[in-house]
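Beneath this line is the structure, given in structure tokens, with notes to follow.
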Amino acid sequence: MSWEIVVGIETHAQLRTQSKIFSGAATAFGAAPNSQACAVDIALPGVLPVLNRAAVEHAVRFGLTIGATLSRRSVFARKNYFYPDLPKGYQISQYELPIVQGGSLTIHANGASKTIRVTRAHLEEDAGKSLHEDFHGMSGIDLNRAGTALLEIVTEPDLRGAKEAVAYARALHALVTWIEICDGNMQEGSFRCDANVSVRRAADQPLGTRCEIKNLNSFRFMERAIEYEAQRQIGLLEGGGTVIQETRLYDPERDETRPMRTKEDAQDYRYFPDPDLLPLVLSESEIESIRATLPELPEARRARFIAAYRLSEYDAAALTASKATADYFERTVAGIGGKQGAAQEHAKLATNWVTVDLAAKLNSDDLAIELSPVAPERLAKLLSRILDQTLSNKMAKEVFDAMWAGEGEPDAIIDRKGLRQISDAAAIEKLVDEVLAANARQVEDYRAGKQKAFNSLVGQVMKATGGRANPAQVNELLRRKLG
Amino acid sequence: MLNATLSELSAALAEKRISSVELARLFLGRIERLNAELNAFITVDASLALAQAHRADRDRAAGKAGPLTGIPLAHKDIFCTKGLRTTCGSRMLENFVSPYDAHVIERFEAAGSVLLGKTNMDEFAMGSSNETSYFGPVRNPWDRTLVPGGSSGGTAVAVAARMAPAGTGTDTGGSIRQPAALTGICGLKPTYGVVSRYGMIAFASSLDQGGPMAKCAQDLALLMNAMAGFDARDSTSLERPQEDYGRELGRSLAGLRIGLPNEYAGEGIEPGVRRAVDEAVRWFEAQGAKTVPVELPNTALAVPVYYVLAPAEASSNLSRFDGVRYGHRAKDYADLAEMYSRTRAEGFGAEVKRRILVGTYVLSHGYYDAYYLQAQKLRRLIAQDFAAAFRSCDVILGPTTPTTAFPIGAKIDDPVQMYLNDIFTIPAPLAGLPGLSIPCGFDDKGLPVGLQLTGGYFSEAQLLGIAHRYQQATDWHLRVPTEAPL
């Protein structure tokens, strides 16, 4: 019997603000414990929150990007619970009136596009961290993260299965980094997902009882956790059991989910509007001025790449995986410059280099494209040398390796290494004649129909020039001379 | 000097008839004599006060003196003071020293005033008698067996007993006006948002407002000029032009429309209170003011609404006192839950616990709509009542409290009776309106009676002007308490 796996995702995206959402303390990652917690973050008696408008702008950017309704008036509420890393004993969040309502995201999974509805996105503050090691039977509290601005993004249960869920999470990750509201660093916890998973026997049946899985800090874990959880629920139901609504924790070491708390011991958070903060009011002009700063969005850019550069769907998707990649690609194309109408040829070359050669280097050095030691303008210079036939592709790769190692401008490397390609027809012809004269046997073999003999002759010419002869010219000349 | 107003003291300092240091010594001496019995101050730091007085004298010598330079003040122990402990009347903060100053404290320091000490108060400002303080009850200088009112009872007694010429309080449901009335002094609760709450330990954030307490309306105006004003650190602070709260002190009363709510004349008002208030109203009429009957039909709901909303906010505001980062922490505990429960069981007194319980209850799932949400709706109706009333009058007059001061211990075990003492002071903060209490006579027992003036938003200067006129013709405000003679 087949089951449908239904998933909804809640994401906490840490907003890229210099200071915290309700205090002036800095938000940089990795500072010494409690060195970035001010009086407000520590919740000293008498301190009050003041809203950081930059966080609001980020939320508005997101809302505009997904075509959501932006609440002209939204309300901050207190979510009350006790925990040592929650200094006030409540978290300031948004409850009944979130800033972003509705909207949707398009994902591409299993060869098809699908629209995923976003229920809401609301602003809230992060808690601190409890450190349970190194304190001999006690816990340490680091409040550096306390008060960091978060946008919690909640979807409808529109996702079917782990693959779609991961495709959504990747698309959302690409989007929030694209519009520069989140740095997307999953290891540092800047982008954290929880998945609500349920199963049902058929699409027209009511939704099954769901479990929420926490602690999905990588796309890989998310996929495995959802797979595991769905199979666990199916096993339960097929064995005549029932699923209990609960929060479960994914343990990547054992590759399983474990119960954390059930609905029965769910806390009553006693939400109520925070009397220390006025309702958050957004004006039309504020929204419009934020809209004016939005970059071209991934879907639009992808369509433009296909139309303007004649890229394949596959290449366009790869080049718009992140804004940094798309920017790198376009800066490379622009850097090649040259004659009008050649843009498509340039784009094709740039596509190959960005998605293959550069991608391989970045991958092996575990670098983000923003940190590439070869700037797009330099890559463009290198590609120009291929286009003007100074370099063969093979020679270009050698130059690229040198550029990657920090040896400087491509032209300087070419000169230093003597890598300039020989395209002088007369010089090549002289060499070809010499090679033909010295290798009568291969000439005969070739004429007898042995293709391999031709390759050997090409190899001889290339060898004589230290690989610098223009291979196309060598091929052409040899063919002509051999009749 | 002990019975002088702030303007008189300011003049004496300016004319070098006394120095700031001498003035500080004078009041510190009076505190030394009376505080053991009256218990108005929790913390007095004479050396700090004298250091500030020396600085004030130096500033004056350098020609940098304002109206409050060198004036000693008593601040309620709810305002955080850097370097001087801030207890909020609670064991929870018995040894807490704030690393920063409250906005109000900063303002008075900038004005050159001298901090005599931190005054006693009901624990976390929860109480109407000053009996809930961890540091013991404050005694009323008109009769030491009586309460001074609360929660700002410490400042009220400090001013009434002439241990300080003036001071600060905070008002959530009457905590400035009620003790002012019960001790025969003046107290102003400003419009919500006029005085920054930054550094003022929160009880009920949507109601709390700091304000001045002094012998006369003119002094209140001087203090307001220093403490009011926009502060970006409090999101509910109102961004308005700086105003001179003394600008209406000379205004005539002719044509003033005084609203007399029927609801403020009902049962439960002691005859002595009623008589004194009626006499004051007749005096205003004699000055050319007109009285008009007004209706505040939702007045009876104010106390129940307040006792839903204030505890709801308090239950959340007081969650930060968990023993983790500062304040009291229980010594023995097996786990985290026990650390919380023991810390809070030991650190908080009975009234605070009662309000945390009530507040937690009314915010709980399944009760929120019936209590909290309903109370919010009624709060708006109460505000609308005032808006309607102020269409036909300029100021609403009535008693500040239904009774004069009551004996220590009389109501402490009956919270509802205690809460009803605030029946006339609770409506103004629910509507965010300013309210002023001034002395208007004595009852048969010789205890002071308070007259309450409630005005529209930002009418503080007008209220002070009206009160000043009255105080130019009467001397109730200058009477010295019988059990704290000069």
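All chains are named by letter (A, B, ...) in the order of the sequence lines, taking the proteins before the strands, and each is independently numbered beginning at 1. For clarity, every value in this text was computed on a predicted model and none was experimentally measured.
Judged purely by atom type and a 3.5 angstrom limit, B/R325 has no side-chain atom pairing as donor or acceptor with the backbone of A/L44. Judged by distance alone, the side chain of A/R270 and the main-chain N or O of B/H365 form no donor-acceptor pair under 3.5 Å.
Proximity to chain A (any heavy atom under 4.5 Å) is restricted, for B/L336, to the side chain, taken from C-beta onward. For a residue to count as touching a neighbouring chain, one of its non-hydrogen atoms must lie under 4.5 Å from one of that chain's; by this rule A/D276 touches chain B with backbone and side chain alike. Proximity to chain A is absent for every atom of B/S98, based on heavy atoms less than 4.5 angstrom apart. Only the backbone of B/A312 comes within contact range of chain A, judged by heavy atoms closer than 4.5 Å. Residue B/A204 does not touch chain A at all, counting heavy-atom pairs closer than 4.5 Å. With a threshold of 4.5 angstrom between heavy atoms, A/Y271 approaches chain B through N, CA, C or O but not through any side-chain atom. With a 4.5 Å cut-off on non-hydrogen atoms, B/Y326 touches chain A through its side chain but not through its backbone. Proximity to chain A is absent for every atom of B/S315, based on heavy atoms less than 4.5 angstrom apart.
Chosen from A/V40, A/N80, A/L86, the residue pairing most often with chain B at heavy-atom distances under 4.5 Å is A/N80. Looking only at heavy-atom pairs under 4.5 Å with chain A, the residue among B/Y100, B/F96, B/F79 that has the most is B/Y100. Of the residues considered (A/P49, A/A43, A/G89), A/A43 shows the highest number of contacts with chain B, using heavy-atom pairs under 4.5 Å. Highest contact tally toward chain A, considering only B/G327, B/C80, B/S316, is held by B/S316 [criterion: heavy-atom pairs under 4.5 Å]. The most heavy-atom pairs under 4.5 Å with chain A, out of B/D234, B/V324, B/T360, come from B/T360.
Within a 6.0 Å radius of CZ in A/R73, no more than 12 heavy atoms belonging to other residues, nucleotides or ligands are found. Annotation for A/E288: atom CD counts as buried by contact number, over 12 foreign heavy atoms lying within 6.0 Å. Atom CZ of A/R210 has 12 or fewer neighbouring heavy atoms from other residues, nucleotides or ligands inside a 6.0 Å radius. Residue B/K82 qualifies as open at atom NZ: its count of foreign heavy atoms under 6.0 Å is 12 or below.
Listed by sequence position, B/Y368, B/Y372 are the residues of residues 366-383 of chain B in contact with chain A, using a 4.5 angstrom heavy-atom cutoff.
The two residues B/S235 and A/L277 come nearest to each other via the heavy atoms OG-CD2, 3.8 Å. Between A/P87 and B/D322, the shortest heavy-atom contact is O-OD2, 4.4 Å.
Partners of B/Y340 under the ring-ring contact (aromatic ring centres under 6.0 Å, His included) rule, at least two apart in sequence or in another chain, are A/F82.
Taking the side chain as every heavy atom from C-beta outward, B/S319 and A/Y81 never approach each other to under 4.5 Å. You'll find the side chain of B/R320 reaches within 4.5 Å of the side chain of A/V47, heavy atoms only. Side-chain contact between B/T236 and A/L278 is present, with at least one heavy-atom pair separated by less than 4.5 Å.
From B/R197, atom CZ reaches atom CG of A/L48 across 5.0 Å, with rounding to the nearest 0.5 Å.
With hydrogens and angles left out, the side-chain atoms of A/R78 and B/N317 include a donor and acceptor closer than 3.5 Å.
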